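Notes for the one structure printed next.
Everything numeric here is computed off the predicted structure, so don't read it as measured data. Atom set for the values below is all heavy atoms of this structure, side chains included, hydrogens, waters and symmetry mates excluded.
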Amino acid sequence: MNMKELNSKKYIQLFFTFFIIFSSYHLVMWTLYSSKIFDTGDRYIGDLARMSYQLEALFPRKTETTIRFKHIDKTSYKNQKIDVITIGDSFFNGGGGGLNPFFQDYLAEHSKKNILNIQLFGNSMDIVNILINSGWLNEIKPHAVVIESTAREVVPRFSYAHDFNKTLTLAEVKGTLFSDIWNFHKQDVYFINSANYKIPFYSLLYNYKDHAQKSVYKLNLNQEMFSIPNYKNILIYKDDIQRLHQQNLANLTLVNDNFNKLALKLNKLNIKLFFMPIVDKYDLYYKYIIDNKYTQNNFFDILEPMDKKYNLVNTKKMLEPLLQKNIKDIFYSDDTHWSYKASDEVAKKLAKDLFK
């Protein structure tokens with residue numbers, strides 16, 4: 001065997017050795033760790049755990065509906081009488097999965113009224129304006145409209161000058177009312193993937209830096225707030241903290257003014273407006289975070305006392321008593337979204353306020 005053949009054999013052996021080590025590493029990591037995030041069958045895994053690769057925060061859950069009195073959507077709307085119209089972001093469209101993920105189902109159950117959820121992409125304030133100006137809302141004549149938004153998105157969405165005269169024809173509105181649908185697709189991941197490197201990397205780095213992964217903060221709690229054994233941490237989405245400077249008097253005054261303008265337009269149609277900001281996870285659990293170097297969120301403290309023509313749904317005030325009772329999993333440990341416990345509590349109180 002000549003030197004060239006020996007070198008070729010050596011390279012082949014090195015290649016197969018590398019391939020075996022490489023594949024074995026990924027197979028072991030996938031089997032023991034990353035499959036718990038990506039290969040969960042019909043179980044939903046929260047966005048924060050998926051982004052930060054924090055396995056100890058995982059709260060796998062099956063999405064199922066057990067409520068008898070359900071809301072109306074694209075598939076069940078048959079021009080029946082509508083009492084309340086809801087429109088919002090992922091919190092109003094099943095985000096977070098788990099038991100009874102749609103807030104509107106709880107609202108329908110507690111109020112025994114017909115709740116129509118409109119799933120349209122875009123700014124909900126602008127959409128409601130178009131529904132008013134087209135004449136559609138006057139034709140439907142609901143008792144109330146509920147606009148929802150995560151609190152961290154309120155200033156970006158509602159503080160600018162909205163075009164309150166923008167409109168479509170009634171025919172155009174009816175043709176596009178349910179043109180969009182919110183879908184939450186699982187990511188297809190195979191056993192060889194970058195998470196097999198990121199899981200050990202971020203597991204180590206989060207011991208030294210609470211913002212190890214750029215999208216997720218990991219902070220310490222003074223007690224267990226989630227039903228995961230020995231878990232005294234909380235995962236927070238970056239915008240909960242990085243947008244705290246936006247929650248100021250000037251910005252929220254603009255938001256309040258815009259909702260007052262919208263409320264006055266709806267009042268002319270004898271329709272009540274309810275604005276439901278979803279308390280940020282960081283804001284709700286703030287009092288329980290220890291060694292916290294970040295400032296407090298003053299969103300509700302600023303907005304609550306303002307003069308309002310609309311009805312503010314203070315979700316923070318509604319949920320704080322549950323934490324004081326040491327009720328766990330108000331938000332999911334692995335997610336930006338709250339759980340069915342929060343939906344049930346807020347819907348129960350909102351149902352009473354809607355029809356006063």
Run the side-chain contact (heavy atoms from CB on, under 4.5 Å) check on Tyr206 and Ser52 step by step: do they pass? CA-CA 9 Å; Tyr206 269 114; Ser52 62; 3.6 Å; yes
Is the count of non-hydrogen atoms from other residues, nucleotides or ligands lying under 6.0 Å from [X] atom [atom1] greater than 12?
X	atom1	answer
Lys265	NZ	yes
Lys81	NZ	yes
Lys268	NZ	no

Those residues that, when tested against Glu320, pass side-chain hydrogen bond (donor to acceptor under 3.5 Å, both in side chains) (two or more places apart): none
Using side-chain hydrogen bond (donor to acceptor under 3.5 Å, both in side chains) as the criterion, list what pairs up with Asp257, not counting sequence neighbours. none
Would you say the side-chain atoms of [X] pair up with the backbone N or O of [Y], donor to acceptor, closer than 3.5 Å?
X	Y	value
Ser134	Leu131	yes
Asn114	Val84	no
Gln80	Lys78	yes
Ser333	Ala57	yes

Residues in side chain to side chain contact (heavy atoms under 4.5 Å, CB included) contact with Asp210, at least two apart in sequence or another chain: Tyr217, Leu219, Lys293, Tyr294
Please confirm whether Arg61 makes a cation-pi placement over Tyr332, using NZ or CZ under 6.0 Å from the six-membered ring centre and within 45° of the ring normal. yes
Check whether NZ of the Lys or CZ of the Arg Lys113 lies under 6.0 Å from the centre of the six-membered ring of Phe355 and within 45 degrees of that ring's axis. yes
Applying salt bridge (charged side-chain N to carboxylate O under 4.0 Å, His left out), run through Lys281 and Asp240 and close with a yes or a no. CA-CA 7 Å; Lys281 192 176 184 181; Asp240 282 13; over 6 Å; no
Check Glu109 with Lys70, please: is the shortest side-chain N to carboxylate O separation under 4.0 Å? no
Are Lys141 and Asp83 within salt-bridge range, i.e. N to O under 4.0 Å? no
Centroid-centroid distance, Tyr282 to Tyr286, less than 6.0 Å: yes
Determine whether the aromatic ring centres of residues His71 and Phe102 are separated by less than 6.0 angstrom. yes
For Leu204, the other hydrophobic cluster members (4.5 Å side-chain criterion, sorted by chain and number) are Tyr208
Where at least one partner belongs to residues 338-348, residue pairs that pass side-chain hydrogen bond (donor to acceptor under 3.5 Å, both in side chains), sequence neighbours excluded: His110-Asp344, Trp338-Ser343, Glu345-Lys349
So do the side chains of Ile234 and Tyr288 get within less than 4.5 Å of each other, counting heavy atoms only? no
What I'd like to find out is whether the side chain of Lys308 reaches to under 4.5 Å of the side chain of Asn260, using heavy atoms alone. yes
Are Lys74 and Gln119 linked by a side-chain donor-acceptor pair shorter than 3.5 Å? no
With distance as the sole criterion, is a donor-acceptor pair present between the side chains of Asn117 and Asn93 under 3.5 Å? yes
Phe274: what forms a ring pair (Phe, Tyr, Trp, His ring centres under 6.0 Å) with it, not counting sequence neighbours? none
